[in-house]
Amino acid sequence: MEPSGQLDFDLQALLEQLDQDELSKFKSLVRTLRQERELPQVIQTEWAAIMVFNKMNRTDLSERVRNELREAAMKSLEENKPRSLDIKRTEAPNREDEEEIIRRLEERDPELTKIQIKDITNLGRPRRFLEGQKPGKEDTYRGIIMKKFWKAWNNNGPGAGEHISDVTQRDKMLIPFCDPRTLPGVFPHTLVLHGPAGFGKTTLTRKVILDWTENHLNQTFRYAFYFTCKELNRMGPCTFAELISKDWPEWRNDLPEVLARAYRILVIIDGFEELKVPEGALIRDICGNWEEQKPVPVLLGSLLIGTMLPNATLLVTTRSEALGDLRLLLQQPLFLEIEGFLEQDKKAYFLKHFEDEEEALRAFDLMRSNSALFRMCAAPAVCWVVCTCLKLQMERGQDPAPTCLSATSLFLRFLCGQFMPENKPFSETDTKEFLYCLYESQDEGLVKDAMAPFKEISLHLRNKMDMVHSSFCLKHCQNLQKIWLHVAKGVFLESGPASEPHAQLERSQDDQHIIPFWRDLCSMFGSNMNLKFLKISESFLSTSSVQLLCQEIVSTTCYLQKVVLKDISPADFCQNFCLALRRHKTLTHLTLQGNNQNDTLPSLCEILRHPKCNLQYLRLVSCSATPQQWAGLSSALEANESLTCLILSANKLMDEGVKLLHTTLRHPKSVLQKLSLENCHLTEACCKNLASALIISQRLTHLCLAENTLGDRGVEILCEGLRYPECKLQILVLWHCNITDNGCKHLSKVIEQQSSLTHLDLGLNHVGITGLRSLCEALKEPLCNLRCLWLWGCSITRFSCEDLSAALGSNRSLITLDLGQNSLGFNGVKMLCEALKRQNCPLQTLRLKIERYDAPMQKLLEEMKESNPQLTIEDDRYDPRKKRPSSRYFVL
């Protein structure tokens, strides 16, 4: 073993503590390690002693050597603080010096001016430029590397600061070629920094490369290259020359000269464990030609083995679990463990983080009392998390002691404190992981605090454990107002496919294991007074789970107001749920979709007939009821005095069903205001009953007849009722009703007179030139009250724009016009813009079909917005067939 470079290291004192057997073993290990090439031939005494003492399991002695090295490192730091231009590193450079340096750099080498002033940390190097020396390619390269790594050094993550810099400086002195006492060349040429994630390995290598850019290692290394394995994974095949010059390809022609001085080259390989390569591939495929194109892992393996640049110095970082693979590649490496924060570092960090010393020491003692947490705090980022969390609790007057009992609890509390106030919705995966972590903590106080910000949550229960985690957390979520619930098939085994009776019995018995957790989950409906909204969709329940849910719904402490049930098994779920809701005073909104609702309608009618029913909104989708059942619903509606909005979508109501509703609408006590019969298989035959209802009903203001083949004749009959002064209808939706220009003529007669109609949706009807001209003439009339006109996809062309322009110039009521999915062309839109520029034009929203890449059109519309700031021009990128603008008027 070579003598240590100027370090006062007394190996004899340590050897005297060994007994005779241990001394013999020490000598034997030195010889063995030399023979097996695990101990480099050129190595300082203290490094060799550490390796041998570790092999002997005498960590007490190896730790003493390490401590001596640390003390020497700190002493060296004080004695060898880098200076340049007589300015200390901690001081800000003189501004005049900086400006003069940058000015000279611009004159000498424009490439270097890409480095910002704040990136220049060593003014000593640029001084020679001031003295008239021209910067060479090496200086330019150093500047590029400095700019690349200086920002990363300044942003080392949460908790980074002066204290971490001091620890990094100390650890850096453990690297032989960074220690000024080390004799030139007397150090192992392959060093491995290993340790857990977050302990400072990458931070240390960044500091090393920055020191090189500032000429602190220039006596040892003329060139330095830094590779991050995570970045290398994204690179395709290349030559070693391309790889080594990736940060500055301009000097690739000089590489032969550079590579010829391999003994003056430092190569840093950061994050070896992240290199994605098949097992054993680094050993099998070796390359020694730096002009041969190979996959990057092959080039890196060749560098590690020594086939490429065998005389270069390698500094490799890796997590400890990858050391085995690395040992197979390296020749005589020196392994240095990066231990992160030591106990004194952690204590110093706490004292600096907390303003109050007493609080800092109390927090430190609490952290130290949890051995797992204490070990994790060797990572600076973890130390910062712990300090931040405990300090926040103390500021709120809370006791931090329970938090330190579990590392999981502490980290969860930190996450909740940092991110939950933003109240951003979680994805399904985020929600699942969040609830899992809360459950693992088993800290009810933590769960209550963590769930407090949640006002809405969507649960996807895919297995038993999802149920377990969710039930534990949601019973502590007292601020929850809305919940969306999905239960996958197989969670309740009883909901599986039909089979033999004995198999069903077994599944039912198996369900008993999950029922207690389902009961806990359902208990929130009876215990949470804030819970107002429930949606269950695409779910598979069992008979027993339905019974438990209904029991909680029946509870007098359940305050649900809005319930949506969609596609739920078993088939009788909706029927049972409606029976549970029949005496529910707070229920105001109910949506039933899917399932076999034939048996549900009788239960629904009971709800409507109940004297304490407060239901205001009822939506039935895809209900294949019989005429008798529709008659029962009509009768129940006559008795009800609360329902104001009835949505019957995608139902086979037929014309006969409208006759029944006609009776309801004519009833003097009917309070129905909004009625939607979209896609209910209606024809012109039902329009006579509807027209009669429009005349008699004093409450009906909204009527949707979309997706029904009424035709022009049906519209003509409907308009007879609309023209009556007694008609109160305000919004009429005739989307896709097979209406042509003849139907538009009848509607125009309604619009032009002083009627109650203010909103008309004629989307997806073939209005054409003649039909639009009729509507435009009606819009010009002074008695016209129409405020919104939707004409999406109505076969309107530029030939109708003159009529539209004239109508917009005369009308005083229209504020919304939808012309989406109509090909008006540039000239057509230009005509509209001329009318819209007038100050007396009331239009506020115009929807058009706009091609994104039509530059003249975009310019025209921009000019339009400038001349009429109150006008909003919308693109029709959305498909109104999924959600029409007029649909929002039928939602309470």
Strictly distance-based, threshold 3.5 Å: is any side-chain N or O of T557 a donor or acceptor partner for the main-chain N or O of G526? yes
Cationic N near anionic O, under 4.0 Å, D365 to K346: no
SB check R319 E274 (cutoff 4.0 Å): no
On the 0 to 90° scale, with breaks at 30° and 60°, tag the Y439-H469 ring pair as parallel, tilted or perpendicular. tilted
State which residue, out of L373, N370, L366, fulfils the side chain to side chain contact (heavy atoms under 4.5 Å, CB included) condition with V386. L373
How about Q344 and K347: does a side-chain donor come under 3.5 Å of a side-chain acceptor? no
Whether H476 and F472 hold their rings parallel, tilted or perpendicular, with breakpoints at 30° and 60°: perpendicular
Have a look at L461 and tell me which of V468, D466, I514 forms a side chain to side chain contact (heavy atoms under 4.5 Å, CB included) with it. D466
Could you walk me through whether K201 and D270 pass the salt bridge (Lys or Arg N to Asp or Glu O under 4.0 Å) check? CA-CA 8 Å; K201 302 183 297 297; D270 184 35; over 6 Å; no
Which label fits F434 and F454: parallel for a plane angle under 30°, tilted from 30 to 60°, or perpendicular past 60°? tilted
Check whether NZ of the Lys or CZ of the Arg R327 lies under 6.0 Å from the centre of the six-membered ring of F335 and within 45 degrees of that ring's axis. yes
Could you tell me whether the side chain of M524 reaches within less than 4.5 Å of the side chain of E552, counting heavy atoms only? no
Is there a side-chain contact between L351 and E357 in this structure, where contact means two heavy atoms from C-beta onward sitting under 4.5 Å apart? yes
Is the charged tip of K464 near the ring of F517: under 6.0 Å from the six-membered ring centre and within 45° of its axis? no
